[in-house]
Asker: 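Before I ask anything, let me first share the structure, which is written out below as structure tokens.
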Amino acid sequence: MIEGPYFVLVVLSALACGVSAGVFIAFSAFVMKGLAALPPERGIAAMQAINAAAVNPAFMVVFLGAAALCAVVAVVTFVLWPDQGTVALLLGSALQLVGAFGVTVVANVPRNEALSKLDPDAPESVDPWRRYVSEWLLWNHVRGAASLAASASFVLALT
């Protein structure tokens, strides 16, 4: 059984991954669909504003905090190698670190940076916007699923 500070660490990891999953799933379920339904110039401008607003302490604490907690869970799990939940703990950590944090760094952030360079009013921005929505959304689905699965893995490790 996981106990003491390790228990608290795993609970916090499950919660942080769950909150991250909620943010990602909200974007997949309706935010990006709403932006894609707007005229391209308005969708581009809105997403540029969202991306700029996302870099704030509240979001960064959740996003980076989930990654940091998962890294600590993985290290502590390797050191302690508990009798129960080891696979679930390592799987949850890997899902969040690779499937959410890693995908963000290699797939979503580069797309956001490219989008930030588009002129919303330029006609040549329409096709890159449509590609952006499609590709960004695909990778966001991966992030949402990975964070949700990571949260579930941590919960299973506690049972």
Side-chain angles (χ1 to χ4, degrees), residues 9-75 77 87-158:
L9 176 64
V10 175
V11 168
L12 290 174
S13 298
L15 292 172
C17 291
V19 170
S20 294
V23 170
F24 297 143
I25 291 167
F27 266 84
S28 287
F30 55 86
V31 173
M32 291 304 290
K33 290 178 183 181
L35 295 177
L38 294 172
E41 65 277 3
R42 291 178 57 205
I44 293 167
M47 190 63 185
Q48 287 172 335
I50 289 169
N51 286 338
V55 182
N56 69 66
F59 177 71
M60 294 314 241
V61 164
V62 170
F63 179 68
L64 297 176
L69 286 166
C70 290
V72 172
V73 166
V75 169
T77 300
V87 171
L89 292 166
L90 294 175
L91 179 62
S93 295
L95 283 164
Q96 188 68 21
L97 290 169
V98 175
F101 184 80
V103 166
T104 298
V105 171
V106 301
N108 294 88
V109 168
R111 285 170 174 77
N112 291 345
E113 290 171 350
L115 182 75
S116 74
K117 295 178 176 106
L118 292 181
D119 175 0
D121 297 316
E124 59 271 9
S125 294
V126 173
D127 286 337
W129 166 245
R130 289 190 177 124
R131 274 192 313 279
Y132 171 88
V133 170
S134 175
E135 293 171 0
W136 191 94
L137 197 51
L138 169 70
W139 289 112
N140 193 62
H141 292 333
V142 171
R143 297 189 306 173
S147 290
L148 187 60
S151 184
S153 290
F154 290 130
V155 170
L156 289 174
L158 294 171

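Position 1 is the first residue of the sequence, and the numbers go up from there.
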Asker: Out of curiosity, Asn108 CG to Leu137 CG, how far, rounded to the nearest 0.5 Å?
Answerer: 9.5 Å
Asker: Would you check if Val62 and Val23 make a side-chain contact, meaning some heavy-atom pair closer than 4.5 Å?
Answerer: no
Asker: For Arg130 and Val126, indicate whether the former's side chain and the latter's backbone hold a donor-acceptor pair under 3.5 Å.
Answerer: no
Asker: Would you say that Phe24 contacts Trp139 through its side chain, given a criterion of any heavy-atom pair below 4.5 Å between the two side chains?
Answerer: no
Asker: Measure across Ala36 and Val133 and return the closest heavy-atom pair with its distance rounded to 0.1 Å.
Answerer: CB-CG1, 3.9 Å
Asker: Can you tell me how far the CD atom of Glu135 sits from the CG atom of Leu138, to the nearest 0.5 Å?
Answerer: 8.5 Å
Asker: Is there a side chain to side chain contact (heavy atoms under 4.5 Å, CB included) between Val11 and Phe154? Walk through the geometry before answering.
Answerer: CA-CA 7 Å; Val11 168; Phe154 290 130; over 6 Å; no
Asker: Taking everything shown except Phe101 itself, do over 12 heavy atoms lie less than 6.0 Å from its CZ?
Answerer: no
Asker: Is Arg143 close enough and on-axis enough to Trp136, meaning under 6.0 Å and within 45°, for cation-pi?
Answerer: yes
Asker: Could you tell me whether the side chain of Gln96 and the main chain of Leu69 form a donor-acceptor pair under 3.5 Å?
Answerer: no
Asker: I need the minimum non-hydrogen distance between Gln48 and Leu115, along with the two atoms involved.
Answerer: NE2-O, 2.8 Å
Asker: Distance from Lys117 atom NZ to Asn112 atom CG, nearest 0.5 Å?
Answerer: 11.0 Å
Asker: Would you check, one step at a time, whether the test side chain to side chain contact (heavy atoms under 4.5 Å, CB included) holds for Arg131 with Arg111?
Answerer: CA-CA 10 Å; Arg131 274 192 313 279; Arg111 285 170 174 77; over 6 Å; no
Asker: Would you name the heavy atoms of Ser93 and Ala74 that are closest together and state the gap between them?
Answerer: OG-N, 3.6 Å
Asker: Quick check against the 3.5 Å criterion: does Ser28 have a side-chain atom that pairs as donor or acceptor with the backbone of Ile25?
Answerer: no
Asker: Using modelled atom types and a 3.5 Å cut-off, is there a donor and acceptor pairing between side-chain atoms of Ser147 and backbone atoms of Gly18?
Answerer: no
Asker: Between Ser153 (side chain) and Ala149 (backbone), is there a donor-acceptor pair under 3.5 Å?
Answerer: yes
Asker: Over all heavy atoms of both residues, which pair between Ala66 and Cys17 is shortest? Give the atoms and the distance, please.
Answerer: CB-N, 4.3 Å
Asker: How far does CG of Leu9 sit from OG1 of Thr77, to the nearest 0.5 angstrom?
Answerer: 8.0 Å
Asker: Below 4.5 Å, heavy atoms only, C-beta onward: do Tyr132 and Leu118 meet side chain to side chain?
Answerer: no
Asker: Report the C-alpha distance between Leu35 and Met32 in whole Å, list the side-chain angles of each, state the deciding distance to 0.1 Å, and finish with yes or no for side chain to side chain contact (heavy atoms under 4.5 Å, CB included).
Answerer: CA-CA 5 Å; Leu35 295 177; Met32 291 304 290; 4.1 Å; yes
Asker: Can you tell me how far apart CG (Leu89) and CG (Leu158) are? Round to the nearest 0.5 Å.
Answerer: 7.5 Å
Asker: To the nearest 0.5 angstrom, please state how far the CG atom of Asn51 sits from the CD atom of Glu113.
Answerer: 10.0 Å
